[in-house]
Amino acid sequence: MKPIPWIRCTLGLLLLCTADADSGRKPNFVFMMVDDLGIGDLGCYGNTTLRTPNIDRLALEGVKLTQHIAAAPLCTPSRAAFLTGRYPIRSGMAAHGRMGVFLFSASSGGLPEEEITFAKAVKEQGYSTAVIGKWHLGLNCEDSADHCHHPNSLGFDYFYGTIMTHLRDCQPGHGSVLYFVHAYIPYKALMFGFLVLVGVVVSLFGVLVYTFPNLNCFVMRGAEIVEQPYTSENLTQRMTSEAIEFLERNSERPFLLFFSFLQVHTGLFASRLFRGRSQHGLYGDAVMEVDWSVGQIMHTLERLNLKENTLVYMTSDQGPHLEEISIHGEMHGGYSGIYKAGKSTNWEGGIRIPGILHWPGVLPAGKVIDEPTSNMDIFPTVLNLAGASIPRDRVIDGHDLLPLLQGQVERSEHEFMFHYCNAQLNAIRWHPPNSNAIWKAFFFTPDFYPENSSACFHTHICFCIKPYVTFHDPPLLYDLSKDRSESTPLSPDTEPQFYSVLEVIRAAVSRHAQSLKPVPVQVSPLQIVWKPWLQPCCSSLSQLCTCERDHQIEKLRNKLKKE
């Protein structure tokens, strides 16, 4: 009998080695990431008023991580870290200015092709790979068809989804995200002697708002645009159908599916079947539709007899957008639970995310782990399970989760975690050996508005730069093992180890800084600005790039007619 090359039988992986030895198949992977979902939005994390039975069942039958940390508090850098197992500053996916994500499909920045994603690594091991849903990691570099940052260039065989994030502009009647940019144009300064220039700026801005949905809200299948602009209402249903079809096509070979939900990002939407079903308005409806989709994916795995050989991971890219208020004054953001603040901050509410792993027969059911873990840990976990080698030519910041999940070890390998706000080191977490303490030190914090809140309603999202932050010397220090809500910073009077803890933290920062190498910044103003020659367009600019040729649309229409 030939040996199975993907199995690395060590004592610690004995459970894994016997899990599927009879079939000789490599394990499959299904990763589901919800956009802007708060850890407090799910029943399995304590919510009692929003129904998420399918996600709750995943946690009940699998392992729930309660200190699972996003590597960044914003979409683009967090997703880059998730795919590569590296802090986004190492790949150039961390901005040095105010804007930390891509706003235009015709930007030239993106995840560099030189980066190794888990999709690229397992593809070399014979896996079929797909990403369905939101990408938000760039598209083109030099022309509108080079697709240097496209999922196909980063290891994914198949792509169906959106290059950009879902914004207000993509949802009719929800206003425009550009109005928040509008607020920072210095009209008063321009008006002083430059009235003509002001008129030009206002006119150009109006054109930008008018054309934004057509130029940025489109669906691609592979390299082809199949709908521009897209109709969002039934997107989750269409993408769920696409994911099911991928699973059916690849049921006889190893696969990796990354299902990246557009919900529950700003510009909320829910299909007709879910509107009005929750106690929490449109946001709750959208969460319930996500939960339905998770159930459909799990049902498909069971129907195809793939459940016992598939590692399922469910998470969010960062915390909820607390400042998201609709044009009608409705709260459209999620819930952080007991944790402070939300998206764009490194308070726990911004980076502590759901982390659920499910694999019957390999991972214990109903286990809860409160050790520090990261979304970067998925990268080495997947590579080890698939039989791929961990890259040695670059720093990998994630750690294999399997020993912790299976109970072979009780402590996480993350002694230190570094929390970046864009490219600025904002905070650091230290979990000392032989101690239950989890120290967290902030070098600066965002200035909330109103002051007694835990959000930045004056700027719609918290920023990382002056004059929107307050620097702290000495740093603010918390012990999260005693103060999970980060309500009361410690002082030399209240904590005898105050200065010794900060000394260790500063030394760790110094070592970490030495591990960083200069790389081109992909999220610089020059890289994220709109470039007309990079604009994806499925018809012509004179037609505002309009087209509709997605078979999923017709398929869904026929389904709705029958209902």
Side-chain angles (χ1 to χ4, degrees), residues 29-37 68-95 99-105 107 109-121 129-139 148-156 159-167 220 239 256-266 290 313-321 343-344 346 350-351 353-355 374-379 381-382 396-398 419-423 461 521-523 527-528:
F29 304 101
V30 173
F31 303 147
M32 293 178 280
M33 179 178 284
V34 190
D35 200 357
D36 287 5
L37 182 74
H68 195 47
I69 306 299
L74 284 174
C75 309
T76 294
S78 176
R79 290 161 184 270
F82 169 63
L83 289 174
T84 64
R86 290 152 52 81
Y87 287 111
I89 196 168
R90 299 193 192 278
S91 58
M93 297 297 283
M99 187 62 65
V101 300
F102 298 113
L103 275 183
F104 304 104
S105 62
S107 299
L111 188 61
E113 286 186 90
E114 298 76 30
E115 287 297 315
I116 299 173
T117 65
F118 51 63
K120 192 180 290 187
T129 57
V131 56
I132 292 173
K134 169 179 170 174
W135 180 240
H136 211 191
L137 294 169
L139 179 59
C148 63
H149 304 305
H150 188 280
N152 291 162
S153 299
L154 276 302
F156 290 98
F159 172 57
Y160 177 80
T162 64
I163 288 298
M164 292 297 299
T165 191
H166 181 71
L167 295 170
M220 298 185 79
M239 290 177 177
L256 182 150
L257 169 62
F258 174 27
F259 193 150
S260 177
F261 289 90
L262 272 69
Q263 291 166 313
V264 289
H265 197 277
T266 175
V290 166
Y313 168 67
M314 188 270 163
T315 190
S316 175
D317 51 358
Q318 72 272 316
H321 191 173
K343 176 179 179 176
S344 84
N346 280 302
I351 55 176
I353 54 177
S374 169
N375 62 350
M376 297 184 293
D377 295 338
I378 297 302
F379 178 89
T381 304
V382 167
I396 301 298
D397 298 296
H419 304 306
Y420 281 87
C421 187
N422 291 345
I461 202 165
V521 179
Q522 298 292 326
V523 203
Q527 294 283 53
I528 66 175

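Counting begins at 1 with the first residue of the sequence.
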Set of residues satisfying ring pair (Phe, Tyr, Trp, His ring centres under 6.0 Å) with respect to Phe261, sequence neighbours excluded: Phe259

According to the interplanar angle, ranging from 0 to 90°, do the rings of Phe82 and Tyr313 count as parallel (below 30°), tilted (30 to 60°) or perpendicular (above 60°)? parallel

Do Leu154 and Val131 have side chains that approach each other closer than 4.5 Å (heavy atoms only, starting at C-beta)? no

Let's go through Thr129 and Phe258 carefully: what are the C-alpha distance in whole Å and the side-chain angles of both, what is the deciding distance for side-chain contact (heavy atoms from CB on, under 4.5 Å) to 0.1 Å, and is it a yes or a no? CA-CA 8 Å; Thr129 57; Phe258 174 27; over 6 Å; no

Residues that His150 engages under ring pair (Phe, Tyr, Trp, His ring centres under 6.0 Å), provided they are two or more places apart: His147, Phe159

Working for side-chain contact (heavy atoms from CB on, under 4.5 Å), residues Ile378 and Thr315: CA-CA 11 Å; Ile378 297 302; Thr315 190; over 6 Å; no

For residues Asp377 and Thr381, report the shortest heavy-atom separation together with the two atoms involved. O-OG1, 2.7 Å

Applying disulfide (SG to SG under 2.5 Å), can you list everything that pairs with Cys421, at least two apart in sequence or on another chain? Cys464

Short side-chain to backbone donor-acceptor contact, His265 and His166, under 3.5 Å: yes

Thr76 side-chain N/O to Val101 backbone N/O, donor-acceptor pair under 3.5 Å: no

For Gly100 and Ala95 the tightest heavy-atom approach is CA-CB, 3.8 Å

Do the two ring centres, one from Phe29 and one from Phe118, sit under 6.0 Å apart? no

Take Leu137 and Leu83, measure what side-chain contact (heavy atoms from CB on, under 4.5 Å) needs, and give me the verdict at the end. CA-CA 10 Å; Leu137 294 169; Leu83 289 174; 3.4 Å; yes

Residue pair Val34 / Gln263: nearest heavy atoms and the distance that separates them: CG1-O, 3.3 Å

State the CG-CD1 distance between Leu262 and Ile132, to the nearest 0.5 angstrom. 12.0 Å

Nearest-0.5 Å distance, OH of residue Tyr420 to CE of residue Met93: 15.5 Å

When Ser260 is tested against each of Met32, Lys134, His136 for side chain to side chain contact (heavy atoms under 4.5 Å, CB included), which residue passes? Lys134

Between Pro151 and Trp135 the two heavy atoms that sit nearest each other are CG-CD2, 3.5 Å

Between Asn375 and Ala71, is there a donor-acceptor pair closer than 3.5 Å when you use the side chain of the first and the backbone of the second? yes

Which is it for Leu37 and Val290 under the side-chain contact (heavy atoms from CB on, under 4.5 Å) test, yes or no, and what are the steps along the way? CA-CA 10 Å; Leu37 182 74; Val290 166; over 6 Å; no

Check whether Lys343 reaches the backbone of Cys75 with its side chain - one donor and one acceptor, N or O, closer than 3.5 Å. no

Taking all atoms of both residues into account, what is the closest heavy-atom pair of Ile116 and Phe379, and its distance? O-CE1, 3.3 Å

Any residue meeting side-chain hydrogen bond (donor to acceptor under 3.5 Å, both in side chains) with Thr266, in chain and number order, not counting sequence neighbours: Glu324

Listed by chain and number, what are the side-chain hydrogen bond (donor to acceptor under 3.5 Å, both in side chains) partners of Thr117, not counting sequence neighbours? none

Evaluate the side-chain proximity of Asn422 to Met99: yes if any heavy-atom separation is below 4.5 Å, no if none is. no

CD-OG distance between Gln318 and Ser344, expressed to the nearest 0.5 angstrom: 9.0 Å

Do the side chain of His68 and the main chain of Pro354 share a donor and acceptor less than 3.5 angstrom apart? no

Is the backbone of Glu113 close enough, under 3.5 Å, to the side chain of Ser153 for a donor and an acceptor to pair up by distance? no

Using every non-hydrogen atom in the two residues, find where Leu111 and Ala80 come nearest and quote the distance to one decimal. CD1-CB, 4.1 Å

Check: Arg79 and Thr165 side chains under 4.5 Å, non-hydrogen atoms: no

The side chain to side chain contact (heavy atoms under 4.5 Å, CB included) partner of Gln522 among Ser91, Pro112, Pro88, Ser107 is Pro112

Is a side-chain donor or acceptor of Asp317 paired with a backbone partner of Asp36 at a separation under 3.5 angstrom? yes

Please name all residues satisfying ring pair (Phe, Tyr, Trp, His ring centres under 6.0 Å) with His419, sequence neighbours left out, ordered by chain then number. none

CZ-CG distance between Phe102 and Leu139, expressed to the nearest 0.5 angstrom: 10.5 Å

